[in-house]
Amino acid sequence: MSEQSKDLSDPSFAAEAPSSEAQSSPGVPGGVPPSATLAEPQSPPLGPTAAPQAAQPPQAPIEEVDPKALLEAAEEGRAHQAPSAAQPGPAPPAPAQLVQKAHELMWYVLVKDQKKMIIWFPDMVKDVIGSYKKWCRSILRRTSLILARVFGLHLRLTSLHTMEFALVKALEPEELDRVALSNRMPMTGLLLMILSLIYVKGRGARESAVWNVLRILGLRPWKKHSTFGDVRKLITEEFVQQNYLKYQRVPYVEPPEYEFFWGSRASREITKMQIMEFLARVFKKDPQAWPSRYREALEEARALREANPAAHCPRNSVSED
Amino acid sequence: MQGSARRTGVMTDVHRRFLQLLMTHGVLEEWDVKRMQKHCYKVHDRNATVDKLEDFINNINSVLESLYIEIKRGVTEDDGRPIYALVNLATTSVSKMATDFAENELDLFRKALELIIDSESGFASSTNILNLVDQLKGKKMKKKEAELVLQKFVQNKWLIEKEGEFTLHGRAILEMEQYIRETYPDSVKICNICHSLLIQGQSCETCGIRMHLPCVAKYFRSNAEPRCPHCNDYWPHEIPEVFDPEKEREPGISKSNRKSLRSRRH
């Protein structure tokens, strides 16, 4: 997709007026010149941070050892050494700087999630954490804390293997807020329509079937829509790219036909019960009007409850909550 | 962070859900925001009285203050509809775009932004933007490609297109006002009434001061003889109507007569 512009990985930062170590002040530390990615691509972006020559190094910011295989794998440096050991590298940053990094990371994660982009750990390090890699753990932990307390979101490691994170809602009850918001069909309504069609069919949905359904909403493959734009591109490319749908050729069929399946991300983020609720709302029926599907949804809900009693198992979570 | 219960502002699940939803949607109109607020109360605190929106948001903002983010309220420049977005104050908002766009695409936006700010009308023509395609940093971009990128900006609500010309979306203004004012201090225009950044507006032909269309509407409301607040000369433009949320059932659809508000050639 988009190449990360070089500036984002530039770890050095323009020196601000001497350090904002007094982190008790609630206001923004000084006027913040937006060192802009736009303005000078050469100059360091991503916010005002005092150069890492803090007034005096505070007690070692290395938090107690937190054996997350992920972080050890991704970190090159040895994070367990005291920073003052004979080692070329920046002096430990003031707590305020770590806090600031945590805030940047928080925003980064929120935006990535908003854009439905993958939150990839190496990207987080490259784009935000930069030279503070050694303190990555504590930064991550603080970010998770903030996200949980302020936004009610869990920053969850969804796959150690691919080093992907996801922002998961941590509020009860889980609900389809999107559907509550608007009478018009937003993007997610469109997606849910297709997902529920696939679900109800119990197997892949042929493209022709999907268009039959979308036609009811006034959407045609050849017509540009005022909200969705090129609908066909949206469902066959964008949703696929975001892993919400799979779009595959039906084997052994000539002329070629394609069908849709749930994508991995849909399976992760959307429960069968949510689909049932969506169907109930759209068709103004009781979810039990689709009895076998409803049973499946109940099964899944029960399995989920048993797997995650209160919080995710510690292995996968970087959140304190 | 030293704890979320600061001396001002307490976050409950109502507020958290609200924040989540606002973040998910990027930018929302006021009527959507009010519905969303009610929805959040319904989910988490059915029996509580719904706070006045302004107080509700101020409460949240007092908690967000230490994170250098804020729920900002703005007003669309063409027809005065109130909009809300969660914006990052600490870093330039372009870093928000930067996760989405390649280097040459960002540069295209930058070029378009400069043209828009420098223009008299607040609009930059597609032709003029595309003519700058050769000067872009990063990978070489053809004009055809640039047209698609401009459409991407429109879809992501950074730009608005009207009749082949581009201006900034209200969301972009909300997010980037600070950055724009600091980066283009000489060419930036300011509204004489509200003192905020001005991209589209009306200007006095005598003394040159400018006002947003919604600001003009409010200032000259029921004034039979509108005069420039600065030089007192007769105000030569059509006075638009003040936005009335009751009348606007479908705020997304701009009425055709609003297009005439663009006509104030200096």
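In what follows, every chain begins at residue 1, and chains take the letters A, B, ... in the order their sequences are listed.
Summarising the geometry of B/Val87 relative to A/Trp107, their closest heavy-atom pair is C-CH2, 3.9 Å, with the distance given to 0.1 Å. In this structure, B/Arg16 and A/Arg149 approach most closely via the heavy-atom pair NE-O, 2.5 Å. Nearest heavy-atom pair across B/Gln20 and A/Phe151 is NE2-O, 2.8 Å.
Taking CG of B/Leu19 as the reference point, atom CG of A/Leu153 lies at 9.0 Å (rounded to 0.5 Å). Taken to the nearest 0.5 Å, the CG atom of B/Asn88 stands 8.5 Å off from the CD atom of A/Glu104. With rounding to the nearest 0.5 Å, the separation of OG1 in B/Thr24 from NZ in A/Lys169 is 6.0 Å.
The number of heavy atoms from other shown groups lying within 6.0 Å of CD (B/Gln135) is above 12.
For a residue to count as touching a neighbouring chain, one of its non-hydrogen atoms must lie under 4.5 Å from one of that chain's; by this rule B/Ile60 does not touch chain A.
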Evaluation steps, side-chain contact (heavy atoms from CB on, under 4.5 Å), between B/His15 and A/Val150: CA-CA 8 Å; B/His15 304 100; A/Val150 178; over 6 Å; no
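Using a 4.5 Å heavy-atom cutoff, the side chains of B/Met23 and A/Asp113 are not in contact.
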